[in-house]
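Note that the structure is a prediction, hence the values are computed from the model and not measured. Quick note on labels: first sequence line is chain A, next is B, and so on, each numbered from 1. Computed over heavy atoms, backbone and side chain alike; hydrogens, waters and symmetry mates excluded.
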There are 2 protein chains.
Amino acid sequence: MFAPYRYLIMNTNLLLKNIAKHIDLTTEEQELFISMITVQSCKSRTILLHATEICKHSYFVNSGILRSFTINDNIVEHVLNFACEGYWIGDMYSLLSQKPGNLFIEVIEEAELLLLSKENQEILYEKIPKFERFFRILTENSLVANQERLLDNLSLSAEERFEKFCSKHPQLVNKVPQKQIASYIGVTPEFFSKMKSKMLHR
Amino acid sequence: MFAPYRYLIMNTNLLLKNIAKHIDLTTEEQELFISMITVQSCKSRTILLHATEICKHSYFVNSGILRSFTINDNIVEHVLNFACEGYWIGDMYSLLSQKPGNLFIEVIEEAELLLLSKENQEILYEKIPKFERFFRILTENSLVANQERLLDNLSLSAEERFEKFCSKHPQLVNKVPQKQIASYIGVTPEFFSKMKSKMLHR
DNA sequence: AAAGCTACTTAACCTAGATTAAGAAATAAT
DNA sequence: ATTATTTCTTAATCTAGGTTAAGTAGCTTT
């Protein structure tokens, strides 16, 4: 009588709007695509992927904030990426190779996610080749951002990297624990704290 | 009577072999693709792209070695990438946006290059959509490599980064000026020299 | 509301890597 | 062959950022 719960609450507006920026889908194609997506609501601190696991999904963030990170020698965390509303996150290495990666994916702020499984992504490429283009463009943009961040890490001071982070990700600055921002820009939480107060007193 | 010089010497074996790893092309498709490619032979130290220019081509390396790099405050160079036989190089930001980037591309070792122009790449996507897939996969692999390098820069010591560079790029270690390797792994040439001799005396 | 975590701050001290400078070795240019 | 440039080395000195440690503030959980 009723569609399953997940169809009732699944909001694909944001995702479809994002897709429409790069490719045009017919109504049928949209429906096919949506049938391949599932929703998941997650509380803060949920670990969606362990470093030892094989990544099976790409996660699109409808709301909330996630991060991906590694852990060194079982102690130090290094944040690779944050993802907030409208962004995708995953462990691309593990997703592509279907081997265990070394990234964790964690929910920072209660989130609603749309999941696209590896298998469905492959099916999608076969059935609607336009998605090759869509994910090509998405990946190109990620690569450009990553290269810039890499060069920033090689050439800017910690202060400059933090300022850049603030202007690029204003939505995150006050929502993400500051030690994670420290990790993202590549300094220890102690140094970050010192640096921040130094910047304030100027 | 004779085909233009560049067709006589253009060797597309390596490129076609690389493409065949990811997509299947018919003979006609191969020919169309090849008709969109041009060759260029360059001496060492040729600058193929200035930071102020708009990048118009993707460069496939048939032989030789190239690098891409930025220059900070008109003084310090930072190497983003090396490319040797079988690899592509370009300024992806500039190529995609068709705005001036801030990368230089330089020939390190006399090279033979195959050039795919931005326009031809777009035509290729229209005429042979399989190329969407090919470049998607290529870009995905670059992104994975870049993410790993980013995390390495955040978590490893200079020595560890150098060791990783040696095992990942043995073809480059003895062909690329050592100050450029220093730049790639993110240290000064002076420190690199010191570090290297320290590693030897152990 | 007390107890227990986790996040943030501050401060003293430490070190990997930067800077400066000068000479030696290797390449390139004449 | 000689000269000029660029690359590499060595060494002294310096500093951005790390480490250790202890205290404080802010959350959760009960």
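- With A/T70 contributing its side chain and A/L103 its backbone, the two residues share no donor-acceptor pair below 3.5 Å.
- Here the C1' atom of nucleotide C/dT19 and the CD1 atom of B/I75 are 12 Å apart, to the nearest Å.
- For the pair A/E132 and A/R136, the salt-bridge criterion is not met [side-chain N within less than 4.0 Å of a carboxylate O].
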Might you work through the side chain to side chain contact (heavy atoms under 4.5 Å, CB included) test for A/I181 and A/L172, ending with a clear yes or no?
CA-CA 9 Å; A/I181 297 179; A/L172 295 176; 5.8 Å; no
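- With a 6.0 Å cutoff to the six-membered ring centre and a 45° limit on the axis angle, B/R67 does not count as a cation-pi contact of B/Y184.
- As a whole-Å value, the separation of A/L200 CG from C/dC8 P is 15 Å.
- The six-membered or imidazole ring of A/F104 lies near that of A/F69, with a centre-to-centre distance under 6.0 Å.
- Smallest separation of non-hydrogen atoms from A/R161 and A/L156: NE-O, 3.3 Å.
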Begin from the C-alpha positions of A/L116 and A/F135 and carry the test side chain to side chain contact (heavy atoms under 4.5 Å, CB included) through to its verdict.
CA-CA 12 Å; A/L116 174 61; A/F135 284 107; 3.8 Å; yes
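- Looking at residues two or more places apart in sequence or on another chain, you find no salt bridge (charged side-chain N to carboxylate O under 4.0 Å, His left out) involving A/K56.
- Against DNA chain D, the stretch residues 155-182 of chain B makes heavy-atom approaches under 4.0 Å through B/P177, B/Q178, B/K179.
- Extent of DNA chain D lying under 4.0 Å from chain B heavy atoms, first and last nucleotide in 5' to 3' order, is D/dT7 to D/dT10.
- Taking atom CZ of A/R45 as the reference point, atom P of C/dC5 lies 14 Å away to the nearest angstrom.
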Are A/Y87 and A/F82 close enough, and set up right, to give a ring-ring contact (aromatic ring centres under 6.0 Å, His included), and what steps lead you there?
CA-CA 9 Å; A/Y87 286 85; A/F82 294 111; over 10 Å; no
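- Less than 4.0 Å separates DNA chain D from at least one heavy atom of each of the following residues of residues 186-198 of chain B: B/E190, B/S193, B/K196, B/S197.
- Of the charged side-chain nitrogens involved, none lies within less than 4.0 Å of a carboxylate oxygen, so that A/E190 and A/K194 do not count as a salt-bridged pair.
- Nearest heavy-atom pair, A/Y59 versus A/L113, reported as atom, atom and distance to 0.1 Å: CD2-CD1, 4.0 Å.
- A rotation axis mapping the C1' atoms of four pairs onto the next four is fitted at both ends of the helix from C/dA1-D/dT30 to C/dT30-D/dA1 over five pairs, and the angle between these axes is 60° to 10 degrees.
- B/E126 and A/R133 are joined by a salt bridge, as a carboxylate oxygen and a charged side-chain nitrogen come within less than 4.0 angstrom of each other.
- Partners of A/K175 according to the side chain to side chain donor-acceptor pair (under 3.5 Å) rule, which considers only residues two or more places apart in sequence or in another chain, do not exist here.
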